[in-house]
Amino acid sequence: MKPNKNYIIYCQSCGDIVVKDRKFLRVLPLPSENWSDLVEEWCCHPDPFARSTLHPQHGDCFVGDNFFLLNSGDESHLPASPGCCSDAGHHVSHSGSNLKSKENTRVICKRCKTMLGETVSSDTIKYYVTEVIIQPAEGSFSPIPRSQFVQNMVAQCLLELSSAKSTFRFTIKGDNGKTYMLIWLLNSDTLLVESLGNSSSHSDFTLFGDILTPTSGPAGTWNAVKVLYQPCIQCRNKELADAWENDMGVHPLKFPSETCLELLLVLGLSTASLPPSLRYMNSFQLTAE
C-alpha cells in the first residue's frame, strides 16, 4: 500500500468488501513486537514511551510483520462482529469471562463468518494479511485459491523477516495463544519444476495444492522457500516448543487459529508428496511452499 491512493480491502475467503474505498494519508511500518523490551537497554533514564501507544490515527495505516492496523473510526464498512468496538486490553478475572471477552474482540466477515482480525483497542482494528486482499479502488476482486494464498503470504512473511532481521526460526501461534508449529527457514531461493503434461496422476495431491489444473502443457516453474517444521498440536514437541519460546533468536508469528490449521495441513500434504527419503531432516519434516 502507498499513501494518497484509494484501496478496497476484501475478505479473501468470499470476496466481500471489508473496507470500502479508503485513502491512507500515511502508511508506516511498525517496530518489532518486542521493541518496548529493548528500550531499557538503549535509554539511561525512565522509559519515555511508557505512556505512549502506537495506534493509528485518522487516515493512518500501520504495517506489522503479518498484519496491519487501521483506525476503526474511519471504517465505512465493518464486518459484523459483536466486539468490533470492544477493548482487547480489558482484563477479566474469571477464565470463562476472559474467554468470552477474547471472543468478542474477533472481527468476523459479515458474509462467510471467517475471522479477519481482532480489535486492539476501542479505536484500532488489526487485520491479518492471510485473511484479506488489498487492491486499488480502480481494480476488481480476483479470487485466489485459499491454500495458494496462505502459502504465498506466509512465505512472504518468512522471507521479509529473515532478510530484515536475520531470523530463520519461527513459532506459528494462533489467536488463542497456542503454538501450532515450529518453522525453520532452510533456504529461500528454491526453484520448483513440475510437469503439466498428460499424466494419470492428476488426481493425486501435488506440491502446489489447488494451483495446478489437469491440463496438458509445458513444465511449470515456481519460486519457493524450503522449510523444516515441527507440528506442536496435541502437545507434540512440547519441550522443543518451550525451548524456542525462550530463545531470543526465534521470532513469533500470530495468525487466526483456523489459518494455522490450514497451514499445517498444507505443509503435511506437501511433505507427503515428497519421496520418503526426502521427507525428514533429523527430527524435522521437510517441505517447500
- Item | Same cluster (ILVMFWY, side-chain, under 4.5 Å), Leu159 and Val150 | yes
- May I ask you to check whether Asp60 and His55 show a side-chain donor-acceptor distance below 3.5 Å? no
- Task: Determine whether Ile133 and Ile9 make a side-chain contact, defined as any pair of heavy atoms from C-beta on separated by less than 4.5 Å.
- Result: no
- Do Asn237 and Trp244 pass the side chain to side chain contact (heavy atoms under 4.5 Å, CB included) test, and can you show the C-alpha distance, the side-chain angles, and the key distance before you say yes or no? CA-CA 11 Å; Asn237 303 303; Trp244 280 35; over 6 Å; no
- Message: Quick check: do Val19 and Ile8 have side-chain heavy atoms less than 4.5 Å from each other?
- Response: no
- Item | Qualifying residues under ring-ring contact (aromatic ring centres under 6.0 Å, His included), relative to Tyr229, sequence neighbours excluded | none
- Minimum heavy-atom distance between Val129 and Cys157, given as atom pair plus value: CG2-SG, 4.2 Å
- Note on the structure: Across all chains, not counting sequence neighbours, the side-chain hydrogen bond (donor to acceptor under 3.5 Å, both in side chains) partners of Thr190 are Asn187
- Query: If you round to the nearest 0.5 Å, how far is CG of Leu185 from OG of Ser163?
  - Reply: 11.0 Å
- Query: Who passes side-chain contact (heavy atoms from CB on, under 4.5 Å) against Lys178, sequence neighbours left out?
  - Reply: Asn176, Tyr180
- Task: For Arg236, check side-chain hydrogen bond (donor to acceptor under 3.5 Å, both in side chains) against everything at least two apart and list the hits.
- Result: none
- Query: Can you check whether Tyr7 reaches Lys2 side chain to side chain, under 4.5 Å on heavy atoms?
  - Reply: yes
- Shortest non-hydrogen pair, Phe149 vs Val132, comes out as CZ-O, 3.4 Å
- Message: Does any part of the side chain of Leu263, heavy atoms only, come nearer than 4.5 Å to the side chain of Val154, both counted from C-beta?
- Response: yes
- Query: With a 4.5 Å heavy-atom cut-off, do Ile125 and Leu69 have their side chains touching?
  - Reply: no
- Message: Between Cys109 and Cys14, is there a side-chain heavy-atom distance shorter than 4.5 Å?
- Response: yes
- Item | Rounded distance [0.5 Å steps], OG in Ser13 versus CG in Leu116 | 7.5 Å
- Query: salt bridge (Lys or Arg N to Asp or Glu O under 4.0 Å): which pairs involve residues 258-267, sequence neighbours left out?
  - Reply: Arg106-Glu258, Arg146-Glu262
- Report yes if the side chains of Leu253 and Lys173 come closer than 4.5 Å at any heavy-atom pair, otherwise no. no
- Query: Of the non-hydrogen atoms in Gln57 and Asn71, which two are nearest, and what is the gap between them?
  - Reply: O-CB, 3.6 Å
- Query: Taking the side chain from Gln230 and the backbone from Ser283, do they hold a donor-acceptor pair closer than 3.5 Å?
  - Reply: yes
- Message: Is there a side chain to side chain contact (heavy atoms under 4.5 Å, CB included) between Tyr127 and Leu70? Walk through the geometry before answering.
- Response: CA-CA 8 Å; Tyr127 290 105; Leu70 301 182; 3.8 Å; yes
- Query: Taking all atoms of both residues into account, what is the closest heavy-atom pair of Cys232 and Thr179, and its distance?
  - Reply: CB-O, 3.4 Å
- Query: Going through the distances and angles, do Asp16 and Tyr10 end up as a side chain to side chain contact (heavy atoms under 4.5 Å, CB included)?
  - Reply: CA-CA 6 Å; Asp16 192 31; Tyr10 300 89; over 6 Å; no
- Smallest separation among heavy atoms of Ala155 and Val225, with atom names: CB-CG2, 3.9 Å
- Indicate yes or no: does Lys165 engage Asp65 in a salt bridge with an N to O separation below 4.0 Å. yes
- Under a single-linkage definition using a 4.5 Å side-chain heavy-atom cutoff for Ile, Leu, Val, Met, Phe, Trp and Tyr, are Tyr280 and Leu264 assigned to the same hydrophobic cluster? no
- Task: Any chance you could measure Met115, atom CE, to Thr259, atom OG1, to the nearest 0.5 Å?
- Result: 8.5 Å
- Do the non-hydrogen side-chain atoms of Val27 and Val63 ever get within less than 4.5 Å of each other? yes
- Item | Pairing of Lys238 and Glu245 as salt bridge, 4.0 angstrom limit | no
- Query: Can you tell me how far CG of Leu265 sits from SG of Cys260, rounded to the nearest 0.5 angstrom?
  - Reply: 13.0 Å
- Query: In a check of side-chain contact (heavy atoms from CB on, under 4.5 Å) between His251 and each of Thr167, Ile183, Thr171, which one passes?
  - Reply: Thr167
Only pairs under 3.5 Å count here: list side-chain donor-acceptor contacts from residues 135-145, not counting sequence neighbours, and write none if there are none.
unit_1, atom_1, unit_2, atom_2, d
Gln135, OE1, Phe141, N, 3.4

- For Arg169, which residues count as a salt bridge (Lys or Arg N to Asp or Glu O under 4.0 Å) partner, sequence neighbours excluded? Asp247
- Message: Checking the side chain of Lys113 only, and the main-chain atoms of Lys110 only, is there a donor and an acceptor separated by less than 3.5 Å?
- Response: yes
- Query: In chain order, what residues pass the side-chain contact (heavy atoms from CB on, under 4.5 Å) check against Pro275, with sequence neighbours excluded?
  - Reply: Ser277, Leu278
- Message: Within this structure, what is the OG1-CZ distance for the pair Thr130 and Phe67, rounded to the nearest 0.5 Å?
- Response: 12.0 Å
- Message: For a side chain to side chain donor-acceptor pair (under 3.5 Å) check, start with the C-alpha distance between Asp123 and Ser72, then their side-chain angles and the critical distance, and finish with the verdict.
- Response: CA-CA 5 Å; Asp123 61 352; Ser72 60; 5.7 Å; no
- Please determine, by modelled atom types, if Ser121 and Thr124 share a side-chain donor-acceptor pair under 3.5 angstrom. yes
- Message: Has Ser270 got a side-chain atom pairing as donor or acceptor with Val266's backbone, closer than 3.5 angstrom?
- Response: no
- Query: Sequence neighbours excluded, which residues qualify as side-chain contact (heavy atoms from CB on, under 4.5 Å) partners of Leu28?
  - Reply: Arg26, Phe62
- Query: If you measure from NZ on Lys126 to OG1 on Thr105, what distance do you get to the nearest 0.5 Å?
  - Reply: 9.5 Å
- Query: Who are the side-chain contact (heavy atoms from CB on, under 4.5 Å) partners of Leu286, not counting sequence neighbours?
  - Reply: Leu186, Lys226, Leu228
- side-chain hydrogen bond (donor to acceptor under 3.5 Å, both in side chains) with Tyr128: which residues, sequence neighbours excluded? Glu118
- Task: Using the test salt bridge (Lys or Arg N to Asp or Glu O under 4.0 Å), find all partners of Lys5 that sit at least two apart in sequence or belong to another chain.
- Result: none
- Task: Just do the side chain to side chain contact (heavy atoms under 4.5 Å, CB included) check on Val227 and Phe170 with the steps written out, would you?
- Result: CA-CA 10 Å; Val227 301; Phe170 306 87; over 6 Å; no
- Taking all heavy atoms of Cys61 and all of Met1, pick out the closest pair and write down the distance. SG-CE, 3.2 Å
